[in-house]
*Asks:* 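Sharing a structure, written as structure tokens. Questions coming.
Please read all numbers here as calculations on a predicted model, not as lab measurements. For the single chain, residues carry numbers from 1 onward in sequence order. Start at 1 and go down the list; that is how both ligands and their atoms are numbered.
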Amino acid sequence: MKIALTGIKPTGIPHIGNYLGAIKPALKLAETCEARYFIADYHALNACKDPDQIRSMTLEIAAAWLACGLDPQKVLFYRQSLVPQTHELLTMLLAFTPKGLMNRAHAYKAMLQANSQANRDPDDGVNMGLFTYPVLMAADILLFDTDLVPVGNDQFQHVEMAVDIAQSFNHIYAKECFRLPQPIATEHSRTLPGLDGRKMSKSYGNTVPIFAPEKQLRKLLMRIITNSQGVEEPKDPETCTIFSLYRNFATDEQVETLRQRYLAGGMGWGHAKQELFEVMNTVLSPLRERYEELMANPKTITDALEEGSAKARELAQKKIAFLREIIGMD
Ligand code: TRP
């Protein structure tokens, strides 16, 4: 069985764009792979120095994945900071990472550009954690003999860098020390629109949180921006935000029925929004209930993470022992 691994950055409560674009596809992949999914808390440290925030975000994002159906008995679910072997591998990999490779990382280049546009020193606000971010990510991946890395398109370059670093290591010791990972896209081919019709994104403030209470969910959906067509007019499902969201939560049959109602006319936007609320609420209610239950008992979350991390450390320790021998530090 192939090994699939991905890191989850602890950044606030996810929205339905994250659910459909990252969580659901990763959980689907876990059905056919040996999955290893972890909370990438050390990656969050580069930007966040508030310990309470790190703690609460870690708990919330772990609860979110568990509530969405991650089964810690099937998926190795752990916390990066509880697998210190990651950092030993990071140190090894740094010696195989050309600085020029890091200079080419998109995230770093974007910071340089933002600084130059603002007339600041090019490296203003860039810490070494950020600069070497792709190497830590390579350590996460290579430590666990990963075949597949389900990620958003913005992370492909990082996975390709992990391959470069692994190849250089393998080449120097003339041995397949590391398996070469392959990124796979989790994002939909069709982007999910937010409440204002633009791509759903935290930075646009147009998101629908996965676990929004029923009342808030309805209120948010009623805010979806539509055109000014009247009730009687036939409507185009293909250009409609409500319909785009609907098709992600409804059965094929329901989608077809709503499509016919759009085309026939006689249905106002308020009705379409109500239909959307119903299908979304049906899918999201059980997730919301599980999330609230988990957050009310945070020990179940930390226990799951600690148990998973203990298993992850065992695997990691074996890999590190093997690598220490290769590099002559046994
Ligand atoms: N950089 C990833 C992100 O921002 C998170 C991440 C950290 C990751 N380590 C990883 C993803 C290893 C895949 C594999 O989303």
*Asks:* Is the distance between the ring centroids of Phe277 and Tyr246 under 6.0 Å?
*Replies:*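 Not under 6.0 Å, so no.
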
*Asks:* Residues in salt bridge (Lys or Arg N to Asp or Glu O under 4.0 Å) with Asp164, at least two apart?
*Replies:*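 For Asp164 there are no salt bridge (Lys or Arg N to Asp or Glu O under 4.0 Å) partners, ignoring immediate neighbours.
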
*Asks:* Determine which pairs satisfy ring-ring contact (aromatic ring centres under 6.0 Å, His included) with at least one residue from residues 302-325, sequence neighbours left out, and list them in order.
*Replies:* none

*Asks:* With clusters defined by side-chain heavy atoms of hydrophobic residues (ILVMFWY) lying less than 4.5 Å apart, directly or transitively, does Val255 cluster with Leu258?
*Replies:*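 Hydrophobic grouping puts Leu258 with Val255.
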
*Asks:* Donor-acceptor pairs are to be reported for all side-chain atoms of residues 1-9 against protein atoms at under 3.5 Å, with residues two or more places apart or in another chain.
*Replies:*
| residue | atom | partner | partner atom | Å |
| --- | --- | --- | --- | --- |
| Thr6 | OG1 | Pro150 | O | 2.8 |

*Asks:* Taking any residue with a non-hydrogen atom under 4.0 angstrom from an atom of ligand 1, which ones do you get?
*Replies:* Leu5, Thr6, Gly7, Lys9, Phe38, Ala40, His43, Tyr133, Met137, Asp140, Ile141, Val149, Val151, Gln155

*Asks:* Are Phe38 and Phe77 near enough that their ring centres are under 6.0 Å apart?
*Replies:* no

